[in-house]
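For clarity, every value in this text was computed on a predicted model and none was experimentally measured.
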Amino acid sequence: VVTGNITKVEPGGVTADLGRTEAYMPDREKVNSERYRVNQKLKFYILEVNKGTRNPEIIISRAHKDLLRKLFEVEIPEISNRVVEIKSISREPGSRSKIAVWTEQEGVDAVGSCVGLRGIRIQNIVNELQGEKIDIVQWNSDPKVFIANSLNPSQVLSVNLDFDNENAVVAVQDKQLSLAIGKEGQNARLAAKLTGWKIDIISGSEAEQMELNKEPEKDTVELDNIVPETETETAIIENNQPEPLEEQGLEEMEVERVAEPVSVENTVAPDEIEKSEVDLALDRGEISIEEALAN
């Protein structure tokens, strides 16, 4: 960041005297809400330095977000000493900015250090940016907490995250819905840029209605999937049979039946059967058939 006096205002850009050399600020690096005049003293951010035919060509900016970062480093000793760290910045030049700060050191209030006693530190930066509003929020490694902080000054009720799409659905109190969204969506837009998440803001009553709509559908699915275990076990014990093929979802198949094998060892030839004494006597003709039957 350098301090310069404006020496020329013309269509296309502004020329400023930096002391030893001059710098040029094109229209794209201007802040639309600012009015520049000759001999006006302002701070500029050096955007790039190019080689010129005689002197280096210096391009300066008033709209770049790093101008805000450098102003914080100049005005706040805790940031210049690396006690407090700036994690991210989102800015709409001339209108509003958000800056997330964080510290590892215990006993140090990162946000309070930037605001200063009675807001004197942040007021100096606001004056330099000609009235641009600045929101200082506490950075947090938990996305839910960080997103809730980024929507300051509104109070957040809940945050639901979709990590696959990096989308967050934030519920706020009904009366604070317009405050959370901001004028023309500015507050929500800056919070999304600050956190890197897409943010959808809904009212608390709308969030409750969404939960009510989800619950019956969930209960119905659970009831449909319930299987009466005791009834199933009883049927298996009583029948003691496997389920039919149709119930198992298996296709009916033809089964070839095979006769049971016959043991050769237990088979006796008819002529090897031992005859009784009555049969032998009958064969010899010693007795008649009637006598044999009587015996």
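Closest heavy-atom contact between G4 and L18: CA-CD2, 3.9 Å.
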Checklist entry - Step by step, would you call I122 with F72 a side chain to side chain contact (heavy atoms under 4.5 Å, CB included)? => result CA-CA 8 Å; I122 191 64; F72 268 80; 3.5 Å; yes
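Note that CG of D135 and NZ of K98 are 4.0 Å apart. Values are rounded to the nearest 0.5 Å. Considering CE of M210 and CD1 of I202, their distance stands at 5.0 Å, rounded to 0.5 Å. Here the CG atom belonging to D17 is positioned 5.5 Å from the CD atom belonging to E22, to the nearest 0.5 angstrom. Rounding to the nearest 0.5 angstrom, the gap separating the OG1 atom in T195 from the NZ atom in K144 is 14.5 Å.
Ring geometry for Y45 against H64 counts as parallel: the plane angle stays under 30°, on a 0 to 90° scale with 60° as the upper cut.
By the neighbour-count criterion of 12 heavy atoms within 6.0 Å, atom CG of D27 is densely surrounded, having more than that number from other residues, nucleotides or ligands. K30 NZ: more than 12 foreign heavy atoms inside a 6.0 Å radius. Taking a 6.0 Å sphere around CD of E48, one finds it holds more than 12 heavy atoms contributed by other residues, nucleotides or ligands.
L129 is listed as a side-chain neighbour of R91, based on a closest heavy-atom distance under 4.5 Å. Annotation: side chain of N187 is not in contact with side chain of I201 (no heavy-atom distance under 4.5 Å).
Residues L190 and I147 fall into different hydrophobic clusters, defined by Ile, Leu, Val, Met, Phe, Trp and Tyr side chains chained together at heavy-atom separations under 4.5 Å.
No option in R189, K65, K133 other than R189 meets the side-chain hydrogen bond (donor to acceptor under 3.5 Å, both in side chains) test with E92.
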